[in-house]
Amino acid sequence: MNNAELADVFDRIASLLEIKGEMAFKTLAYRRAAESLRSMVEDIHSLRASGRLDEIPGVGKAIAQKIEELLDTGQLRYLNRLEEEVPPSLIELLNIPDVGPKKVALFWQRAGITTLDALETAAREGRLRDLPGMGPKSEIRLLEGIKAYRCSIRRVPLPVARTLARPWLKWLESQPGVTQAQAAGSLRRWKPDIGDLDIVFASDHPAPVMQGLTQKKEVHRVLAQGEYKSSIELEDGLRLQFWCQPPERFGSLLQFVTGSKAHNVRLREFAQKVGFSLSERGLLDRSGVEHLCAAEEDVYEKVGLPWIPPELREDRGEIQAAMQRRLPNLIRFEDLVADLHLHTNWSDGEGSIEEMVSAAQQIGRRLLAVTDHSFLIKVDEGSSFDKLERQRAEIEKLRSQLGGDFILLHGAEVDILSDGSLDLADEVLQQLDIVVASLHFGLNQPRQVITNRLLNAIRNPYVDIIAHPSGRSLPDFEGADLDWEAVFSAAREYNVALEINSNPAHLDLDEAHARRAAEQGLLLCINSDSHAPRQLGREYGVAVARRAWIEPRQVLNAWPADQILEWLKNHRSRKR
DNA sequence: GCCGTTTTCGGCCCGACTGTTTTCAGTCG
């Protein structure tokens, strides 16, 4: 059993306990433990072997024992007993919008319903409207909810969500009385994908704006409409939520809607300790005096904390770090000095080397490594070396035109073959200024095989960077099954940098592995993997790094250009 | 079930909206 499977078990327990009507705090405890296990990179077996289960946040004596039983037997007696008491098929019903544990228990105990199909039939036949708290309207809402769940769309990738949000923000900003509008929620936290879109705005007279929003032609269905909050659904099922407060309370609202939920719960607990009740409307001190926050910074300042960047607000220790004034100095897009992985029209890129250089200069880069695919640049066995030679000649010519202000390196992205060797010979690699190695095929090999492949590449004397280490390709492939501890340990031993790839389909390393790598002192590198000049401006890799608490000092291409060159030089001579 | 700047026991976030209600429960974020 791995971390994710354990997390699923504890989520399952939490759902069953909720339906059973168990104390809310107990179910919350299981949810928290599940979340911890899910976001953890270190393998649960190694944690257990060293007796450190109690170091997992939210795991105490009882849950630790359950983890041990699951690891030993693959079973959990407690869960088995629970499933005899509460039909497990009820868990699915919790996914229906507006259906929570109380409703599920009602359907089950008062109408004998245990499955989604049975629930739908009962609602259609009007058999639910007489249950306590139900009526004809809630029956219709339930049927709509079931329909929405049945054709529920996948989470929306962040770049798509950002594009979707733009016209709504523009419309809001054009409305009289609206002083500001902003996307919040997981979009503002730069999560790689989002479930629904949260948009906040400030106005003293929100009613006509809310009215206008719900009447726009894109709106398929209005789910809720109030003074401070409205919720709509688009034709494709995507849900948008609009929140409003007057300008003098906008900071509180933005803080609240940015989330995450877990962060907000922690922050409110903390606020309680220092004497405030915190909500999306403001802060209430113990004497009942209200303190308003027009800016988000005010919320944190009033409870005695420094402002916490949205990317950190996941309840992964950020409030503790803020208390101790130890928040990381997060890397920013403008901190990147170099881009060390990109493609030109020498292989499958769209831009010439010159066009890529010009685009890089426009966004403030000082160093660029041209790393075309070895397998594409290699026209046939005999001519690869010739083509690389010609590319080198072009780069040298460009260098003389550029003068000393911009540094252009000649590299390649080489393929790691199935035996772990590289598809360019060492004599060829030796001629290059930088070598980026990566996996492109055979990604479903068993853990040991594919890990060894990567380890061989790391040990190669000429390899400087491992690009998109897991080969993740969203949304269909989550990445190879690697022994990460072995990869990290080899990368440390051979001083090879691991990439955080900025292509939204890769984002690889992902944030959990990036954080773990950084914690272990590994060197990272945030590259665009551009195949066109416009892609050099991709910010998604930096977003992953920020969500992984990473600072500029941990990122090779955020160092000053001369230090990057120095590292490349030293690194190669040390490795050989 | 977890956890400790108020605690090894007794806490554990807060408000908006809906639909059913004559005052509230359930759900959501």
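Residue numbers start from 1 in every chain, and the chains themselves are labelled A, B, ... in the order their sequence lines are given, proteins ahead of strands. All values derive from a computational prediction rather than experimental measurement.
- For A:E139 (side chain) and A:R129 (main-chain N/O), a donor-acceptor pair under 3.5 Å exists by modelled atom type.
- At a cut-off of 3.5 angstrom, the base of B:dG19 holds no donor-acceptor pair with the side chain of A:K137.
- Residue contacts for A:P97: at a heavy-atom cut-off of 4.0 Å it reaches the sugar-phosphate backbone alone, with no base atom in range.
- Look at A:Y228 and you won't find any side-chain N or O under 4.0 angstrom from OP1 or OP2 of B:dA16.
- Residue A:M23 is classed as a base contact, given a heavy-atom separation below 4.0 Å to a base.
- Between A:E290 and A:R249 a salt bridge is recorded (basic side-chain N to carboxylate O distance below 4.0 Å).
- Here the nucleotide nearest the side chain of A:A224, chosen from B:dC17, B:dA16, B:dG1, is B:dC17.
- B:dC17 sits 32 Å from B:dG11 when the P atoms are compared, rounded to a whole Å.
- Look at CG on A:D98: it is 8 Å from C1' on B:dC28, rounded to the nearest Å.
- Looking at the side chain of A:K102, the nearest of the listed nucleotides B:dG26, B:dG15, B:dG29 is B:dG26.
- Contacts of A:L28 with the nucleic acid, taken as non-hydrogen atoms under 4.0 Å apart, are absent.
- Considering only side-chain N and O atoms, A:S277 lies under 4.0 angstrom from the phosphate OP1 or OP2 of B:dC14.
- Among the nucleotides B:dC13, B:dT27, B:dG15, the one closest to the side chain of A:K103 is B:dT27.
- Using a 4.0 Å cutoff on non-hydrogen atoms, the parts of residues 63-85 of chain A near DNA chain B are A:I63, A:K66, ordered by number.
- Distance A:D130 CG to B:dG19 P: 18 Å, rounded to the nearest Å.
- Among the protein residues, A:R266 comes within range of no part of the nucleic acid, since none of its heavy atoms lies under 4.0 Å from any strand.
- Using a 4.0 Å cut-off, some side-chain N or O of A:R281 falls inside it from OP1 or OP2 of B:dA16.
- Of the residues listed (A:K191, A:H263, A:E511), the one engaging A:E314 in a side chain to side chain contact (heavy atoms under 4.5 Å, CB included) is A:K191, and it is the only one.
- Across B:dT20, B:dG1, B:dT18, the shortest atom-to-atom separation from the side chain of A:A29 is found for B:dG1.
- A:F256 comes within contact range of at least one nucleobase, with a heavy-atom separation under 4.0 Å.
- Nearest nucleotide to the side chain of A:E269, out of B:dC17, B:dG29, B:dC12: B:dC12.
- In this structure, the nucleotide among B:dG29, B:dG1, B:dA16 sitting nearest to the side chain of A:K26 is B:dG1.
- Put simply, CZ on A:R141 is 16 Å from P on B:dG26, counting in whole angstrom units.
- Between A:W243 and A:F256, the ring centre distance stays below 6.0 Å.
- Across all strands shown, A:V274 has no heavy atoms under 4.0 Å from either base or sugar-phosphate atoms.
- Under a 4.0 Å N-O distance rule, the pair A:R221/A:D236 does not qualify as a salt bridge.
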Can you list, pair by pair, the side-chain donor-acceptor contacts under 3.5 Å of residues 175-184 of chain A, counting residues two or more places apart and other chains?
from   : atom 1 : to     : atom 2 : distance (Å)
A:Q175 : NE2    : A:W171 : O      : 3.3

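- Within 4.0 Å of A:D196, counting heavy atoms only, lie sugar-phosphate atoms of the nucleic acid but no base atom.
- A side chain to side chain contact (heavy atoms under 4.5 Å, CB included) with A:I67 holds for exactly one of A:L47, A:L76, A:V59; it is A:V59.
- Side-chain contact annotation: A:E69 with A:Y78, donor-acceptor N/O pair under 3.5 Å absent.
- In this entry the distance linking NZ of A:K273 with P of B:dC14 reads 13 Å, nearest Å.
- The side chain of A:D198 approaches B:dG29 more closely than any other nucleotide in the set B:dG29, B:dG19, B:dG26.
- Atoms CG (A:L292) and P (B:dG15) sit 14 Å apart, rounded to a whole Å.
- Across all strands, A:L253 comes closer than 4.0 Å to no nucleic acid atom at all (heavy-atom distances).
- The phosphate of B:dC2 (OP1 or OP2) has no side-chain N or O of A:R32 nearer than 4.0 angstrom.
- One can place CG of A:D315 at 18 Å from P of B:dG29, the figure rounded to the nearest angstrom.
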